[in-house]
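All remarks here apply to the structure that follows.
Per chain, numbering begins at 1; letters A, B, ... match sequence-line order.
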There are 2 protein chains.
Amino acid sequence: MRSLHHPGREQLDLPAVLYALSDPTRLEIVRRLAGDGELACGTFGLPVTKATLSHHFKVLREAGLIQTRVEGVHRYNSLRKQDLDTRFPGLLKAVLKASVPG
Amino acid sequence: MRSLHHPGREQLDLPAVLYALSDPTRLEIVRRLAGDGELACGTFGLPVTKATLSHHFKVLREAGLIQTRVEGVHRYNSLRKQDLDTRFPGLLKAVLKASVPG
DNA sequence: TCTATTGTTTGATCATAATCAAACAATAGG
DNA sequence: CCTATTGTTTGATTATGATCAAACAATAGA
């Protein structure tokens, strides 16, 4: 398996970040991670296959939104809050606030 | 010509807004409008044909990011700052701050 | 070593979208 | 009217991406 690629803080690209956030499934993943800290891929009860989910995690990872830590057979994902907030101040907070319908 | 469609404030959809902002050309359009208030379509010296530009304006308009006012032969575009800020507080500001490289 | 679990990758399909040239529409000014 | 200007729409092309099933890889546990 190819090792997981995480772009550096300086490489974060706004269009890529916005694009990653523009998919409802990925937005939901980000919301969960914002609340729960660290989650394995399989713990999201989303209505897509594991292949599709894996694809979405890859998009989020390569855009620099999440960090994936390997432990045994699991991949634990977490939001790169610090990096995002440094590079794009207020963006994540605004997106998270807005993504709660109501 | 079909009349220009602008979604109501309540119809604004976060994924659609983020998607509209995820294209560099459209992001540049939004940045210009944020600075200059109101601009006709032809006044952006962007490296795309007028057909492509028209397409991007349509995407921005239908996502609710811009408002297009027809005056004579021109279309004057402006950012829907108020609506965006009401619906997604802090989002536009964060995007505009982030989109200035440096 | 065998098996179950977890997730990735590949290959295919289908949909969406970015782009352009060309045709079209609407208007302003002669 | 005629013409130039401004922008939209259409049709075509090309690229990207969301999705799934199936094959694969890695690990933990019996």
Output yes when a side-chain donor or acceptor of Ser54(B) lies under 3.5 Å from a complementary backbone atom of Ala51(B), and no otherwise.
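No, because the side chain of Ser54(B) does not come within donor-acceptor range (under 3.5 Å) of the backbone of Ala51(B).
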Would you say the side-chain atoms of Thr86(B) pair up with the backbone N or O of Gln82(B), donor to acceptor, closer than 3.5 Å?
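Yes; at least one donor-acceptor contact below 3.5 Å.
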Between [atom2] of [N] and [atom1] of [X], the distance in whole Å:
| X | N | atom1 | atom2 | answer |
| --- | --- | --- | --- | --- |
| Phe57(A) | dA18(D) | CZ | P | 14 Å |
| Leu53(A) | dT19(D) | CG | C1' | 12 Å |
| Leu60(A) | dA18(D) | CG | P | 10 Å |
| Asn77(B) | dT8(D) | CG | P | 8 Å |
| Ile29(B) | dG7(D) | CD1 | P | 12 Å |
| Leu46(A) | dG7(C) | CG | P | 13 Å |
| Lys58(A) | dT19(D) | NZ | P | 15 Å |
| Leu39(A) | dT6(C) | CG | P | 15 Å |

Side-chain heavy-atom pair Leu91(B), Leu91(A) within 4.5 angstrom cut-off
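Yes, at least one pair of side-chain atoms sits under 4.5 Å.
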With side chains defined as the heavy atoms from C-beta onward, is the minimum distance between Thr68(B) and His6(B) less than 4.5 Å?
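A side-chain contact exists here, since the closest heavy-atom pair is under 4.5 Å.
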Nearest 0.5 Å please: distance from the [atom1] atom of [X] over to the [atom2] atom of [Y].
| X | Y | atom1 | atom2 | value |
| --- | --- | --- | --- | --- |
| Leu60(A) | Leu33(A) | CG | CG | 8.0 Å |
| Glu38(A) | Ser78(A) | CD | OG | 5.5 Å |
| Thr52(A) | Leu46(A) | OG1 | CG | 11.0 Å |
| Leu21(B) | Leu65(B) | CG | CG | 5.0 Å |

Report, one pair per line, the protein and nucleotides 14-18 of chain C atoms (nitrogen or oxygen only) whose separation is under 3.5 Å.
unit_1	atom_1	unit_2	atom_2	d
dA18(C)	OP1	Tyr19(B)	OH	2.7
dA18(C)	OP1	Arg26(B)	NH2	3.2
dA18(C)	OP2	Arg26(B)	NH1	3.2
dA18(C)	OP2	His55(B)	NE2	2.6

All N/O pairs under 3.5 Å across the protein-nucleotides 3-5 of chain D interface:
none

Which nucleotide in the set [options] lies at the smallest distance from any side-chain heavy atom of [X]?
| X | options | result |
| --- | --- | --- |
| Ser54(A) | dT9(C), dT8(D), dC20(C) | dT9(C) |
| Thr49(B) | dT8(D), dA21(C), dT9(D) | dA21(C) |
| Val48(A) | dC20(D), dT8(C), dT6(D) | dC20(D) |

Quick check: closest heavy atoms across [X] and [Y], and the distance to 0.1 Å?
| X | Y | answer |
| --- | --- | --- |
| Thr25(B) | His56(B) | CG2-CD2, 3.6 Å |
| Asn77(B) | Ala40(B) | ND2-C, 4.2 Å |
| Ala34(A) | Leu96(A) | CB-CD1, 3.6 Å |
| Ala94(A) | Pro89(B) | CB-O, 3.5 Å |

Closest nucleotide of DNA chain D for Arg61(B) versus for Gly72(A): which of these residues is on the 5' side?
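The residue mapped nearer the 5' terminus is Arg61(B).
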Within residues 63-71 of chain A, find the residues that approach DNA chain D with a heavy atom at under 4.0 Å, and present them sorted by residue number.
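Those residues whose heavy atoms fall under 4.0 Å from DNA chain D, taken from residues 63-71 of chain A, amount to none.
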